[in-house]
Amino acid sequence: MATDYYEILEVSREATDSEIKKAFYKKARQLHPDVNKAADAEEKFKELNEAYDVLSDSNKRAQYDRFGRVSGGAGGGYSYVDIGDLFGGGFGMGDLFSTFFGGASANRAAVRREGRDMGVGLRLTLEEVATGVKKDIVYDRLAPCETCKGSGLGEGGSFVQCERCNGTGRVVTVQHTFLGDMQTQTVCDVCGGTGKTINIPCPDCDGQGRLPDRQHISIDVPHGIRDGQQLRLKGYGEAGIHGATAGDLIVTVRVDQHARLKREGDNIHTRVDISITQADLGSTLFIDGIMPAEKVEVRIPSGCQNDQMVRVRNKGLPVFKKENRGDLFVHVTVIVPRSLTKRQQELLEELAEEFGDNVAGKKSVTQRIKEVLS
Ligand SMILES: [Zn+2]
Ligand SMILES: [Zn+2]
């Protein structure tokens, strides 16, 4: 049974993007597990997210309209942060909504007005690290509400003194206990401690000045970046309440392992196989470097031993934000041939004789006679 995403969001199949966003926003407020205590609220909330994930993305929506499902999407779980989810980083729906709805706990502190920092992950290949790369990031955040330009004010609205706390931002509650009446001061639950409320709130964001929105940004990752290094994008995090300072977006870089090359800081290690003659006589090899189409000349010295390391200067990774490069370390494996042609066998036997080595390969007289007769 395919789930009907339009039914879940209670919109028509012709709904516009902004209608879908509005419907999601409205339903999310009703179903958020912090607010809705029904047993199936969490399940419904997940369904709602999945529906929004598909219908808010024009590609996924088109696919869903045509085939009734989204490949790899539905059933595969809702991915809130496209890139961050790859390694479980990023942030969850919970964080986003608990700050947006202010949470449901009675004893909360004054509502934080500045937007929070947000985190996403970004996977890079070693080749991308070598050249530096432009990357697109898609993430959801509380963005400034376009209708009210982040102020939270509806048409003709303004900030007025909070009636509940008379503008103090605090309310005093009295508890009757056996020790007598106890007074406790708490943050005003109406104005969140600001002492002000909006008389006509913006209908789209309900006076918050910010709304969940999908962001598409493109970032320039400089070359030489390290695994685990973070890039901070100022103001790209969560928008603040009523236009207060936005948080930052912190992009944490993860560099994938390379099949052939191993990174060690700005240096790169690799391994090459050479023959016994190349090892003994020396050789010049050309191997693939880390830069696009790069061929690196590796000079194997004569008498090169198995596991010996040959250093090629300035052929490692470009140093972060600098022009110079680290070094390439080539670890040599000398391959002893497992089977020989007749000629190779003869030459090796001759060589063994020259070295005065006692070898097993020498053929017996009867063997030689057999070979002549055959
Ligand atoms: Zn608004
Ligand atoms: Zn108040």
Side-chain angles (χ1 to χ4, degrees), residues 1-105 108 115-123 137-143 145 204-206 208 210-216 237-239 247 249 252:
M1 263 301 286
T3 328
D4 190 332
Y5 292 145
Y6 292 97
E7 227 167 74
I8 290 171
L9 280 167
E10 290 177 19
V11 291
S12 77
R13 302 192 86 81
E14 291 75 40
T16 63
D17 287 351
S18 81
E19 280 166 355
I20 285 168
K21 197 203 277 181
K22 266 183 203 162
F24 167 67
Y25 171 54
K26 192 174 139 222
K27 297 230 75 176
R29 297 190 67 195
Q30 293 165 7
L31 290 172
H32 189 273
D34 278 358
V35 182
N36 193 320
K37 294 296 167 203
D40 61 348
E42 200 167 331
E43 194 49 44
K44 286 236 167 80
F45 189 64
K46 269 190 199 155
E47 267 179 17
L48 179 70
N49 283 322
E50 190 181 299
Y52 180 64
D53 179 49
V54 171
L55 297 189
S56 63
D57 180 314
S58 57
N59 285 333
K60 287 186 186 169
R61 187 180 176 182
Q63 204 180 26
Y64 175 73
D65 285 347
R66 193 181 295 179
F67 305 110
R69 63 189 174 80
V70 176
S71 60
Y78 173 77
S79 104
Y80 201 62
V81 185
D82 291 353
I83 298 162
D85 262 16
L86 286 175
F87 47 90
F91 56 97
M93 203 67 187
D95 303 341
L96 184 67
F97 277 88
S98 60
T99 52
F100 186 53
F101 296 109
S105 73
R108 66 181 183 206
R116 285 166 200 273
D117 290 344
M118 292 171 64
V120 291
L122 181 62
R123 286 207 104 105
I137 292 181
V138 179
Y139 67 109
D140 289 342
R141 70 159 180 164
L142 290 172
C145 169
D204 282 348
C205 63
D206 219 18
Q208 290 276 323
R210 54 186 189 175
L211 274 175
D213 197 18
R214 184 147 303 168
Q215 310 283 298
H216 295 258
E238 190 180 86
L249 180 69
T252 305

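Model, not experiment: these values are computed from the prediction.
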Would you say the side-chain atoms of [X] pair up with the backbone N or O of [Y], donor to acceptor, closer than 3.5 Å?
X: Arg210; Y: Ala239; value: yes
X: Glu238; Y: Arg116; value: yes
X: Asp40; Y: Glu43; value: no

I need the Leu55 CG to Asp65 CG distance, nearest 0.5 Å. 7.5 Å

Distance in Å, Tyr139 OH paired with Gln215 CD, rounded so as to fall on 0.5 Å steps: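 It is 5.0 Å, given to the nearest 0.5 Å.
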
Less than 4.5 Å apart, side chain to side chain, heavy atoms only: is that true for [X] and [Y]?
X: Asp4; Y: Tyr64; answer: yes
X: Met118; Y: Arg141; answer: yes
X: Val120; Y: Leu249; answer: yes
X: Phe24; Y: Glu19; answer: no
X: Lys21; Y: Asp17; answer: no

Would you say CZ of Arg66 has more than 12 non-hydrogen atoms from neighbouring residues, nucleotides or ligands within 6.0 angstrom? no

Least distance between heavy atoms, [X] atom then [Y] atom:
X: Cys145; Y: Leu211; result: SG-CD1, 4.2 Å
X: Pro212; Y: Tyr25; result: CD-CD1, 4.4 Å
X: Val11; Y: Ala23; result: CG1-CB, 3.4 Å

Any side-chain donor near an acceptor of the partner, Tyr52 and Arg214, under 3.5 Å: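 No - no donor-acceptor pair under 3.5 Å links their side chains.
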
Test Glu47 against Leu9 for side chain to side chain contact (heavy atoms under 4.5 Å, CB included), laying out the working first. CA-CA 9 Å; Glu47 267 179 17; Leu9 280 167; over 6 Å; no

Going by an N to O cut-off under 4.0 Å, is there a salt bridge joining Lys46 and Asp53? no

Would Ile20 and Tyr5 count as a side chain to side chain contact (heavy atoms under 4.5 Å, CB included) if you check the C-alpha gap in whole Å, the side-chain angles of each, and the deciding distance to 0.1 Å? CA-CA 11 Å; Ile20 285 168; Tyr5 292 145; over 6 Å; no

Taking side chain to side chain contact (heavy atoms under 4.5 Å, CB included) as the test, write out the residues that go with Lys22, two or more places apart. Asp204

